[in-house]
There are 2 protein chains.
Amino acid sequence: MSGVRAQQKEKTRRLLIDAALSQLSAERSFSSLSLREVAKEAGLAPTSFYRHFSDMDELGLTLVDEAGLTLRQLMRQARQRIAKGGSVIQISVATFMELIESNGNVFRLLLRERSGTSAAFRAAVIREIRYFTMELCDYLQKANDLEADVAYMQANAAVTIVFSAGSDALDIDDKAEREQLSKQTIQQLRFIARGAAELSDRRKAVRKRK
Amino acid sequence: MSGVRAQQKEKTRRLLIDAALSQLSAERSFSSLSLREVAKEAGLAPTSFYRHFSDMDELGLTLVDEAGLTLRQLMRQARQRIAKGGSVIQISVATFMELIESNGNVFRLLLRERSGTSAAFRAAVIREIRYFTMELCDYLQKANDLEADVAYMQANAAVTIVFSAGSDALDIDDKAEREQLSKQTIQQLRFIARGAAELSDRRKAVRKRK
DNA sequence: ATTTTAAGTGTACACGTGTACGCTATTATT
DNA sequence: AATAATAGCGTACACGTGTACACTTAAAAT
């Protein structure tokens with residue numbers, strides 16, 4: 001059991017995954033990809049596809065998992081930068097925008113399949129985004145001493161805003177426009193943070209009065 | 001030129017439009033619809049389709065236009081209710097949620113094609129949403145005495161949050177959960193409104209000091 | 001009354017699709 | 001050394017697709 005066989009299998013499995021990813025673009029969604037196209041791009045015969053995935057759906061779910069991984073890397077990267085000091089919101093948005101510039105297709109996959117046609121895909125994407133939201137929620141709760149429900153509402157709203165901005169960014173080529181979009185997004189996140197902090201303060205004031 | 005011919009044509013044109021709309025669902029996107037399916041559902045021969053639209057894309061753009069119309073009706077309805085008194089945010093969210101319950105497919109169309117595969121579709125959807133945002137922006141600017149840029153950022157964020165909530169609502173059957181989602185959305189919109197008002201106030205204070 | 005226009009039909013075609021099936025060649029197991 | 005397992009290939013098939021083309025039939029224009 002030297003594993004040279006399993007190793008080779010894993011290799012061509014990656015070939016398929018990468019082939020699918022590389023075919024994604026603004027004009028091409030995963031659901032519009034055919035098994036044959038992916039196999040061809042990977043340099044395989046169509047029927048060889050089945051040795052690795054039983055379905056295009058199975059490949060798709062694998063891609064969503066990879067996208068979730070990318071999301072978690074993003075989170076880690078942002079945290080590292082924040083630890084070195086600076087505006088939390090500003091750094092987070094900048095990091096997110098960089099991800100989109102370098103991994104546009106992965107991000108597109110998430111955006112599309114979130115409102116897509118397959119229940120399994122939707123569930124998978126929503127799970128990844130929820131995970132992302134929860135991590136942010138935890139952070140906010142500890143960093144700003146918020147109550148759980150307020151922190152969640154802020155995290156949820158923030159993620160929504162940032163993802164939406166990311167979606168817009170994908171359609172913008174001009175760098176100045178992108179910069180402008182970032183600025184706007186930062187301001188919007190500040191709106192939300194301000195509102196959340198105020199609700200939290202108000203509740204605390206009521207509690208002290210008792 | 002009694003127009004009995006043109007009248008009939010318009011009628012079957014509507015048949016096609018309605019056929020397409022009626023086939024949309026959580027499991028079926030417009031882009032997954034085939035010309036033949038739509039024609040069949042409308043009770044026409046496949047080739048008759050071409051007498052009305054040169055393309056499925058042309059049909060799709062027509063649908064997006066109709067969706068935009070629905071959006072504008074929503075705006076009008078919300079305004080009427082607001083005029084009778086009550087919380088602006090609460091009424092707006094409630095009205096929006098009702099639209100989603102009754103016109104789920106139309107709304108799905110907008111959500112999907114916004115990040116869809118056709119540049120023309122994306123542009124059309126974005127145009128409709130921008131129009132919607134601008135109308136809200138106008139309202140906010142006048143009602144709350146905000147500066148143009150602040151009002152726009154608030155409107156943009158609010159629309160993003162509400163559309164995202166709408167998308168979530170489409171996947172929820174339980175009424176209590178829907179109610180909970182509405183409550184959360186209202187609170188998030190209040191966060192944003194609060195943040196915008198504060199930025200506006202701060203700017204005004206600076207101006208007076210001069 | 002005759003001719004022109006055009007909505008709708010039916011047939012036909014080339015094409016891309018998923019996948020069942022049998023085969024080869026190489027690795028893993030016995 | 002003999003046998004079993006399996007990654008990958010090639011062929012073949014039925015099916016759904018968009019649409020070109022020639023047609024009928026009824027309204028509109030002459």
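Reckoned from all heavy atoms, side chains included, excluding hydrogens, waters and symmetry mates. Since the structure is predicted, the reported quantities are computational estimates derived from the model, not experimental observations. Throughout, a chain's letter reflects where its sequence line sits, starting with A, and its residues are numbered from 1.
- A straight line from CD of B/Glu10 to P of C/dA7 spans 12 Å, rounded to a whole angstrom.
- Residue B/Ser34 places none of its side-chain N or O atoms closer than 4.0 Å to OP1 or OP2 of D/dG16.
- Between B/Phe96 and B/Phe163, the ring planes lie tilted relative to each other; the angle falls in the 30° to 60° range.
- Picking from C/dT9, D/dT19, C/dT17 the nucleotide with the shortest atom distance to the side chain of B/Pro46 gives D/dT19.
- In this entry the distance linking CZ of A/Phe49 with C1' of C/dG18 reads 11 Å, nearest Å.
- Nearest to the side-chain atoms of B/Thr47 among the listed nucleotides D/dG8, D/dG10, C/dG10 stands C/dG10.
- Residue side chain B/Arg5 reaches the base of C/dA6 through a donor-acceptor N/O pair under 3.5 Å, judged by distance alone.
- In this structure, B/Ser48 reaches the C/dT9 phosphate: one of its side-chain N or O atoms is under 4.0 Å from OP1 or OP2.
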Start with the C-alpha gap between A/Leu181 and A/Met97, add the side-chain angles, then the distance that decides, and say whether side chain to side chain contact (heavy atoms under 4.5 Å, CB included) holds. CA-CA 10 Å; A/Leu181 176 61; A/Met97 288 300 186; 4.1 Å; yes

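- Among the nucleotides D/dC9, D/dA7, C/dT19, the one closest to any side-chain atom of A/Lys9 is D/dA7.
- Taking every side-chain heavy atom of A/Arg51 into account, D/dA7 is the closest of D/dA28, D/dT19, D/dA7.
- Distance B/Gln7 CD to D/dA26 P: 18 Å, rounded to the nearest Å.
- Here OH of A/Tyr50 is found 8.0 Å from CG of A/Asp55. Values are rounded to the nearest 0.5 Å.
- The two atoms that bring A/Met56 and A/Leu35 nearest to each other are SD-CA, 3.8 Å, heavy atoms only.
- In this structure, A/Tyr50 atom OH and C/dA20 atom C1' are separated by 9 Å, rounded to whole Å.
- Residue B/Phe53 contributes atom CZ, which lies 15 Å from atom P of D/dG18 at whole-angstrom precision.
- In this structure, A/Thr12 reaches the D/dG8 phosphate: one of its side-chain N or O atoms is under 4.0 Å from OP1 or OP2.
- Between the side chain of A/Arg36 and the base of C/dG16 there is no donor-acceptor pair of N/O atoms closer than 3.5 Å.
- For the atom pair B/Gln188 CD and A/Tyr152 OH, the distance stands at 8.0 Å (nearest 0.5 Å).
- Atom NZ in A/Lys40 sits roughly 15 Å away from atom C1' in D/dG10 (whole-Å rounding).
- Nearest-nucleotide assignment on DNA chain D puts the 5′-proximal partner with A/Gln8, out of A/Gln8 and B/Ser54.
- Rounded to an integer number of Å, the gap from B/Leu33 CG to D/dG16 C1' is 14 Å.
- Rounding to whole angstrom units, NZ of residue A/Lys11 and P of C/dT26 are separated by 16 Å.
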